[in-house]
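Below, chain A is the first sequence line, B the second, and so on; all start at residue 1.
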Amino acid sequence: MPHDPDPPPAKKFKPGKGNASTPIEVQRKQLPIYQAKPQLLNQLRQLNNAILIGETGSGKTTQIPQYLYEAGIGRQGIIAITQPRRVAAISLAGRVADEKRTQLGKLVGYTVRFEDITSSETKLRFMTDGMLLREAIGDPLLLRYSVVILDEAHERTVHTDVLFGVVKIAQRRRKELNKIPLKVLVMSATMDVDLFSEYFNKSPVLYLEGRQHPIQIYYTKQPQSDYLQAALVTIFQIHQEAPSSHDILVFMTGQEEIEALARTCRDIAKHLPDSCGPMVVIPLYASLPPVQQLRVFQPAPKGSRKVILSTNIAETSVTISGIKFVVDTGMVKAKRFNPDSGLEVLAVQRVSKAQAWQRAGRAGREDSGCCYRLYTEDEFDNLIPMTVPEIQRCNLAGVMLQLMALGIPDVTNFDFMSKPSPEAVSSAMEHLELLGAVQKKDGAVVLTALGKKMASFPLEPRYAKTILLSPEFSCSEEVISIVSLLSVDTVLYNPPARRDEVQAARKKFISSEGDHITLLHIYRAFKKVSGNKDWCRENFVNSRNMSLVKEVQAQLKEICLKLNLKLESCGANTENVRRCLAHGMFVNAAELQPDGTYLALDTHQPVAIHPSSVLFQAKPAYVVFNELLHTSRCYMRDLCLVDADWLLDAAPEYFGRKLHLTKS
DNA sequence: GAGCACTGC
């Protein structure tokens, strides 16, 4: 453990944050980027593409859009600034509107799902990358925009990666058609610029100075076989040696190990000598109720040390001030996708170098800091340089459908910055063909009328298909509700300590027809009491997610109306709903075998009913399911009881060709 | 008889 001298006094000025005593104009001029403004504008005026590399705190996201606007660059249209996250788009727009001393929604606005605070006056528009992508379906050339700034490009979300290609095509097409040129700026925090620059026709890279403070990195001398034990030891070494005002942020992999380590830390802290101050241990992960998440921002009582045990939510989404020490276990839980089996696996794995640097950076936001890596320098050197972009580890069916809807001629050869495997692409195309979204015509694959409608829903293709089928079964109201319920995080609240109470409360909603109908019963009951909060508490229903369901439902209904889809309810006849689900989800069907196990019908792999399903004790002959989850076994989640005949009816050729239904 | 990182339209 190093000697830790007293830190220099904290700097008064914090980039990107309001400071009551300093006028906004002065604050803006204090940002590191201000010095570079004249040269920057000079270059940006001439360039059609540029890659901007700026460290945290450079002020690039708030200042560059304003500089462009003030200099009259891109005045012919709107300047779009995309963000991977809603909260970022909203808060950045608020900040820039303040700086321009204008009301949000006038000159400066934001557009995220369910919320559009813009007007005809809006010239600086902050938006999620997903929203710009959706807009591109109606206007592939993005003609309203003169400048598109793709921020946080290093995060490489699916949406950003698809947008890279979309703006590149729009830029070229606009030039060919003699339209107003489109300027594309890519902003990234990491130095992995070659890929970006190469992709955008070797565009120039501009470096912006940041305000990051120095961080001392420490490695272990020996590889650690147990990173949790290593984390525990490191936390208490820091606790015994460093001033109590220095908070610790520990990066771990998931809820369970975080809660376990939190308990251990609290136990040990209780039995330490008085010379050690008290320790406040705070868990942080996404599924924690919002009130508990806010605890990480409260300063610990004087003399106490704050220790935050977090998942990678604290890497980007949640920024905590006052962190002096970062402890990095070097591990992360991440989803992987196998295109052959259609299986998603959530697995603990090593972080990338870029991720390790991102974690370390969380210690140096206000002042110099330390990062303890619980692995050796050799192990660090062997980490992969960058996290594999999401586009290379997800199901591509939705992406391919969206590209087709954008009118891109040969989607299987789309110019991705990082190409997904040909297997993943062809498996996505096969999936779309099965759903009837695309078909082969004269050797080419084209979007069908059905596929075009499917693309207008912000849903996975099979859910969109199920909704579009629902009028045939006179149950569109029910199917829209079910799809809405499935497209948010679970509405069921399951505190493990109160399992018996949960089971008792849920009993009255359970349907022998499966999880979908059970969810529908809960939703109907929720609506009957108009979303009463007490009702939600008593019935272990997450009222926040339920409210979200209502918003999704309203959006889906609006799309249905635009498509002239008949909205009607089947009332108590839920068999129709199951018929509809069978027709929409037939690719996710499973069949009971004579030995009591299940086989997935498309891949013939053995699957099991997840214990969380209401059908867990039952042995239905045929089910359709929402997803497969590979943990200790391969589990089907969210099941619906169906008839074999319905499946055959839904896809006679598919089941006749590939499968052997055991039913005689 | 299990257990789920994080976003987003």
Side-chain angles (χ1 to χ4, degrees), chain A residues 82-90 111-116 127-138 152 155-163 251-260 284-288 293 310-318 329 331-336 344-351 355 358 387 389-391 393-394 398-399 401-402 405 454-461 463-464 483-484 487-490 492 494-496 499 503 548 551-552 555-556 558-559 608-613 615-617 627-638:
Chain A
T82 70
Q83 295 291 321
R85 281 171 294 280
R86 292 167 56 95
V87 276
I90 295 169
T111 307
V112 298
R113 190 181 188 186
F114 307 130
E115 236 186 321
D116 182 14
M127 58 204 302
T128 44
D129 40 22
M131 280 308 285
L132 186 60
L133 204 51
R134 199 132 277 281
E135 211 181 310
I137 294 179
E152 309 282 11
E155 290 192 25
R156 303 295 305 275
T157 68
V158 172
H159 288 156
T160 313
D161 268 28
V162 177
L163 268 181
F251 282 103
M252 306 177 51
T253 71
Q255 172 175 350
E256 212 174 80
E257 71 178 29
I258 284 174
E259 292 292 356
L284 177 65
Y285 43 87
S287 62
L288 216 55
Q293 280 194 21
S310 175
T311 61
N312 42 355
I313 192 173
E315 269 172 31
T316 48
S317 304
V318 177
T329 60
M331 306 303 279
V332 65
K333 203 178 279 185
K335 206 174 243 180
R336 284 188 245 175
E344 291 181 329
V345 185
L346 198 60
V348 172
Q349 48 202 297
R350 287 187 181 275
V351 297
Q355 216 171 350
Q358 177 70 25
T387 309
E390 206 185 346
I391 194 93
R393 45 189 179 91
C394 76
V399 170
L401 182 64
Q402 211 156 19
M454 283 166 62
S456 55
F457 288 94
L459 294 170
E460 280 178 47
Y463 291 151
V483 168
S484 306
S487 55
V488 304
D489 285 338
T490 179
L492 308 177
N494 294 315
R499 233 180 63 169
Q503 276 187 349
L548 207 58
E551 286 197 274
V552 176
Q555 189 188 27
L556 298 181
E558 200 178 310
I559 296 167
I609 299 179
H610 195 276
S612 66
S613 171
L615 293 180
F616 180 66
Q617 311 275 9
E627 62 169 357
L628 285 179
L629 182 81
H630 193 102
T631 50
S632 57
R633 298 166 76 182
C634 190
Y635 285 107
M636 303 179 274
R637 288 206 310 188
D638 296 317

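Between Met127(A) atom CE and dC9(B) atom P the separation is 10 Å, expressed in whole Å. Across the protein-nucleic acid pair, Gln617(A) atom CD and dG1(B) atom P stand 9 Å apart, rounded to whole Å. Remark: P of dT7(B) and NE2 of His159(A) are 14 Å apart, rounded to the nearest angstrom. Rounded to a whole Å, the CG atom of Leu163(A) is 12 Å from the P atom of dC9(B). A straight line from CG of Leu132(A) to C1' of dC9(B) spans 12 Å, rounded to a whole angstrom. Rounded to an integer number of Å, the gap from Leu548(A) CG to dC9(B) C1' is 12 Å. Across the protein-nucleic acid pair, Arg156(A) atom CZ and dG8(B) atom P stand 19 Å apart, rounded to whole Å. For Ile90(A) and dT7(B), the CD1 to P distance is 14 Å, given to the nearest whole Å.
Thr128(A) has no side-chain polar atom (N or O) that falls below the 4.0 Å cut-off from OP1 or OP2 of dT7(B).
The side chain of Arg86(A) lies closest to dG8(B), out of dT7(B), dG8(B), dA5(B). Distances were taken from every side-chain heavy atom of Gln255(A) (C-beta onward) to each of dA5(B), dC6(B), dC9(B); the shortest belongs to dA5(B). Counting only heavy atoms from C-beta on, Lys335(A) has its side chain closest to dC6(B) among dA2(B), dC6(B), dG1(B). The side chain of Val112(A) lies closest to dC9(B) when the candidates are dC9(B), dT7(B), dA2(B).
Contacts of Thr311(A) with the nucleic acid, taken as non-hydrogen atoms under 4.0 Å apart, involve only primed sugar atoms and P, OP1 or OP2. Residue contacts for Arg85(A): at a heavy-atom cut-off of 4.0 Å it reaches the sugar-phosphate backbone alone, with no base atom in range. Using a 4.0 Å heavy-atom distance criterion, Phe457(A) is classed as making no nucleic acid contact.
Scanning for salt bridge (charged side-chain N to carboxylate O under 4.0 Å, His left out) contacts around Glu460(A) gives Arg462(A), with sequence neighbours left out.
Between Arg85(A) and Glu155(A) there is a salt bridge, since a side-chain N of the basic residue sits under 4.0 Å from a carboxylate O of the acidic one.
When all heavy atoms are compared, the tightest approach of Gly254(A) to Thr311(A) is CA-CG2, 4.0 Å.
Residue order along DNA chain B, read from the 5' end via each residue's closest nucleotide, puts Phe616(A) first among Phe616(A) and Glu627(A). Heavy-atom nearest nucleotides on DNA chain B were determined for Asn312(A) and for Ser487(A), and the one closer to the 5' end corresponds to Asn312(A).
Within the 3.5 Å criterion, the main-chain N or O of Leu288(A) finds a donor-acceptor partner in the side chain of Gln293(A).
Taking the side chain as every heavy atom from C-beta outward, Gln358(A) and Val351(A) never approach each other to under 4.5 Å.
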